[in-house]
Chemist: 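Got a structure here, written out as C-alpha cells. Questions coming.
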Amino acid sequence: MIKENYHPQLIETECQQKWDNDNTYAVREDETKEKFYCLAMFPYPSGSLHVGHIRNYTIGDVIGRYQRLHQKNVLQPMGWDAFGLPAENAAIQHGVSPKNWTNENIAIMREHLKKLGFAYDWDREINTSQSDYYRWEQWLFIKMYEMGLVYRKNAIVNWDPADQTVLANEQVVDGKGWRSGATIEQREITQWFIKITAYAEELITDLDKLDWPDQVKIMQRNWIGRSHGCNVIFDVPNENTSLDVFTTRVDTLLGATYLAISPNHVLAQQAAKHNPDIQTFIKACQTTKVAEADMATMEKKGINSGFTAVHPISKATVPIWIANYVLSDYGSGAVMAVPGHDQRDFDFARKYNLPIKTVIKDKNDSADSQKLPLLLDGILINSGDFDGLDSAEARRVMADYLVKNNHGSPTIHYRLHDWGVSRQRYWGTPIPFIYCQQCGIVPVPEEQLPVVLPDNVNVKDKLLPLSDIDSFYKVDCPRCGKLARRETDTFDTFIESSWYYARFASYDQHKKILDQRVDYWLPVDQYIGGVEHAVLHLLYARFFNKVLRDLGLIHTDEPFKRLLTQGMVLKDGSKMSKSKGNTVSPMALIEEYGADTLRFFSIFTAPPEQSLEWSDSGVEGAYRFLNRVWKFAFDHQQILPYDHKPDWSKTSAPIKKSRCVIYSLLKQASDDLKKLQLNTVASACMKLLNELQTLANGAQKETEQLADYHYLISDGLRILLIILQPITPHISDYLWQNIGYQQHYGNQSWPKIDTKALEQDNIALIVQVNGKLRSKITVPANADNAIIENAAKADEKVKKYLQNKQVVKIIIVPKRLVNIVIRD
RNA sequence: GCCCGGGUGGCGAAAUUGGUAGACGCAAGGGACUUAAAAUCCCUCGGUUCUCACGAACCGUGCCGGUUCGACUCCGGCCCCGGGCACCA
C-alpha cells in the first residue's frame, strides 16, 4: 500500500538506501551476459554539482538503465578528474592544501551524485590524484619513452602568463588560454613531448569506424589536417645544402619563381649573420608574432636572403626570400612560391617585383584571357616535357620524375603537432624522470614508482613549484648513485583523463596497470559528454587507447564506440555562470521537488544534443506529471495488478483502441531510446498517462466490461512504470515494489511489444483532393484499393470537390491516405 | 575566407524520414470546486476572413524558384543564427 501524497524526498531516500545496502549496481564480468559499458565524462571536483552535470549524468543513466532493463551486464562507473589548477588557487586563497581541498570537494560531490540516484558501481571509484592511479600513468609514460613515443625538446611553446604554465595547441583558443583566458605568449622552454603525430594516420582513418556525431569527426579530421602532396628538394649549391619544400601542387613546379623560408629557418639565421637589414627584419617578425588571429590579417613582408637555389627540373636559379608568412612549424619551414597560381605568392611577387610565370591554363579558356592567379586544376603549359598533361596526372608523373632524380617524393603532411605535456605546476602527476650529470636523462626504475607528489607543501602567495622542495628534487641517480635532480614539472592533466575509462575495468588491480578484465568491458559502448572536448580529451584518449593496444594491454582500436555530445544548459538564452548570476542550485531543487523531477525535466525539455533552456515552470510541469502518476497509482491500487486476461476479440472498441495506443507508445519509446532521442520518450510517458486516465474515465461510465478495463489499466501502468524507470527510477521502483507489481511480475524488464495490439479492425485514412486535405474516412483494415477508392469518392465532403471534374488518377498510400487528382 | 550544423506558434519542442504541420509540455485566457487562496479538474489556444451559429475558405515551417498527385522533409539560388578551422604551402 502507498500513501496518498507523493513525497519524493521520502521515497528517494528509501530507494537510495536500498540500492546502497544491496549494492544493486555493482557489476562483475559475466561471460554469460552481454556487457554494456556506459560512461559519462567524469567531473573535475570543483565542489558543487551544476545543472550541466545533472543533465550529462542523467542522460548516461537513462541509457545505462535502459540497457539494464534488457538484461545486459551494465557498467556505469564514476570517478574524479582531480588534478588541476583550481585546487592550487584555492590553496593560495584559503590556505588549505590542494589535496585536502580536492578530497573535501569529492566527498561533497559524491553525496550530491548519490542524491540523484545514478546507477553507479561506486566500488570502482577513481581519484586521479591518488598515487595508486597516477603511478600507472608514470609507468605508462616510461613505457612510451621506451617505445620512442616520448622525447624532450627545446621548443617555442604557448605560455599562459596567468596560470604560469605551458599549454598545448589544443588548449589555446583564439590566442588565449582555454582556462585562464589570458593572452598566450611565445616562450622557448625545454619540455616533454608525446609523439601523437606518430598515430596521425590511424587517428584519421579510424574515425570511419566510429558511431560519433559527424560534427566531432569532422573537427578531428580538420585538426589532424592531412594533406597529400610532394616533397621537393631544391639544391643550394653555394651553401652546400638543400631546401626541402612541401607542396600539394607539384604540377605547378615549373611556375616556382622563388623560394620562401620562415624567419626562424637555419638559412635565415645564417643570412642574418652578416646582414643587419635581415637581422632587423627577423627581429621584427618575432615581436609581431603574437596571437594567431592577428597573423591572418597581417601584411605579407619579406626580404631577400641573398641565397639562391637551383630548380630541380628547369635547373634555373631561383632566389630565396625570407617571408613572415611562412610557418616554421609546418613542413620544413620553407615553401616554393608559385605566384602565377597562388594568391599569397602572387601578392608577394607583385610587391617585391618577383617574376610571375603561368604554367597552368584553364581547360576551357585561352591562356591570355585568364585572370591571375589561376587557382584551379587545368592543363600544363610552359612546363617543358610536361606540357599538355592535366593537373591531376601531372602530379603523379612529376612526383615519379622527382623520385627518379632524387629530388623529391610523394609525402603526406599533417597539421597535428606533438603533444607538449610538461606543466610548471604543483598539483599534478610528477613526471617520472631524473637528470644526472653523468648519465643524462634517466627514467625512474619501475620498483621506485610511484614518484609521490609531496603533500607537505608550504602554501605561499604565488606558486607551489616542486622545484622549491629540496627533499623532492634531490635524489640519487638510479644508475650511478650520484646526486641528481628529479624532474619538477608535472603532467598536463589531460593525461589522467586519457586512460581512466580503461582503468575502471581494473580498478582494484595493484600489480599492473590493466588486466584481462579490460577485454570483457572495452570498448566503452556509449560515451557521453560535452562537445567542448571534441579535439582535446576525445583525441588524446583515442591516441592513448592505440598506445595501450600496441603495448598489448588492450585489444581494441578505439576507446569509445558510440558518442553522444550533449548540449549546454542555458538560462535566459546564455550559458549559466556565476559571473552572470543566472545559475540554479540543483540541491535546492532536489529539496523542493526531488531528484526524479529534475531528471525528468532535463530529459523532457530538449533533445540531448541540443542546448537546453532552463525554465522554472518547466520543472514544475515535470513535478506535476510525477504527482499525477503517483495519484493514478494510488487511486487504482485496489485493482493492481489485475490478473484477468481479457478475450480481446470480444472486447469493446474503445478498449481495443486504448490498447493500440498504449502499445504504439511503447513501440515509439523503444524506437526512440535506440536512437537516443530521449525527449520524446519522456513525452511518450506523458501521453501514456493521459491514455490511462481516459481509460479510467471510461471504466467509470461503463460497467459492462469492467474486468477488461481493469486489466488494461493494470497492464498500461506496468508499461508506464518500466518506461519511466530509466528516467525517474525512484518513483518507478517504489511503486513497482509497493503496489504489488514486484510480487506479481518480479523484477522490471523492458516490456515486449504485443504486435496483435497494434492491429486494428478499422483504420482512419485522410482523403486529399489534389494534395489538399478534404476529409477523413474509416475503412476496414483489410480493405482493398477498390473499396477504399469508392469510400473516398462517396464521402460527402469529397463529392463536393469532384462535381463536374474529371478524375485523372487516384493515389492510395496504404494505411495513410487517398489522394484524388482531378482536372476541370 | 573555408568546413560543419541550424532557422517550425507567445516559449521548449514533435512530425513514423516525401503523406493530417504544431503531438507532448510551458505560458496565457475562460470555467468548476472553495468563504477565499493554493492545489486539482475541465475547456480554448498559428494567422486572416466569412458565418447569429454548427461550421467553412484561404494563408502558414527564414526568403525566392524548381521537382512531385503531394515538400518542414528532395534540388538550385539567396538571407540570418550557432559552432569549428584559419598565412597549412
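Throughout, a chain's letter reflects where its sequence line sits, starting with A, and its residues are numbered from 1.
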Chemist: Can you tell me whether the side chain of A/Gln768 and the base of B/G19 have a donor-acceptor pair closer than 3.5 Å?
Modeler: yes
Chemist: Is B/U49 syn or anti, taking syn as a glycosidic angle within 90° of 0?
Modeler: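 The base of B/U49 is oriented anti (glycosidic angle more than 90° from 0).
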Chemist: Taking CG from A/Asp671 and C1' from B/A14, how many angstroms apart are they, rounded to a whole number?
Modeler: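 These atoms are roughly 15 Å apart.
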Chemist: Any idea which of B/C88, B/G19, B/C26 is nearest the A/Arg344 side chain?
Modeler: B/C88
Chemist: Of the nucleotides B/A14, B/A27, B/A57, which one has an atom closest to the side chain of A/Ser617?
Modeler: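 The listed nucleotide nearest to A/Ser617's side chain is B/A27.
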Chemist: Between B/A13, B/U20, B/A89, which one does the side chain of A/Lys776 approach most closely?
Modeler: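 Selected nucleotide: B/U20.
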Chemist: Do A/Asp345 and A/Tyr325 meet the criterion of a side-chain donor-acceptor pair at a distance under 3.5 Å?
Modeler: yes
Chemist: Of the listed nucleotides (B/C26, B/C4, B/A13), which one gets closest to any side-chain atom of A/Arg624?
Modeler: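 For A/Arg624, the side-chain atoms sit closest to B/C26.
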Chemist: Indicate syn or anti for B/G9, taking the glycosidic torsion and treating anything within 90° of 0 as syn.
Modeler: syn
Chemist: Within this structure, what is the CD1-OG distance for the pair A/Ile320 and A/Ser305, rounded to the nearest 0.5 Å?
Modeler: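 Here the rounded value is 5.0 Å.
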Chemist: Quick one: the side chain of A/Arg628 and the base of B/U40, do they pair up donor-acceptor inside 3.5 Å?
Modeler: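 Absent.
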Chemist: Just to verify, which of A/Asp596, A/Ile727, A/Asp616, A/Leu612 counts as forming a side chain to side chain contact (heavy atoms under 4.5 Å, CB included) with A/Phe601?
Modeler: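 Result for side chain to side chain contact (heavy atoms under 4.5 Å, CB included) with A/Phe601: A/Leu612.
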Chemist: Is a side-chain donor-acceptor pair under 3.5 Å present for A/Asp672 with A/Thr680?
Modeler: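 On atom types as modelled, these side chains qualify, holding a pair under 3.5 Å.
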Chemist: Report the distance from atom NZ of A/Lys815 to atom C1' of B/G19, rounded to the nearest whole Å.
Modeler: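 In whole Å, B/G19 C1' and A/Lys815 NZ are 15 Å from each other.
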Chemist: Mind checking who B/A23 pairs with, Watson-Crick or G-U wobble, both distances under 3.5 Å?
Modeler: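 Base partner found: none.
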Chemist: Taking CZ from A/Arg816 and C1' from B/U16, how many angstroms apart are they, rounded to a whole number?
Modeler: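 Rounded to whole Å, this separation is 6 Å.
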Chemist: On the side chain of A/Asn819, is there an atom forming a donor-acceptor pair with the base of B/C69 - under 3.5 Å, no angle test?
Modeler: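 Per atom types, the contact qualifies.
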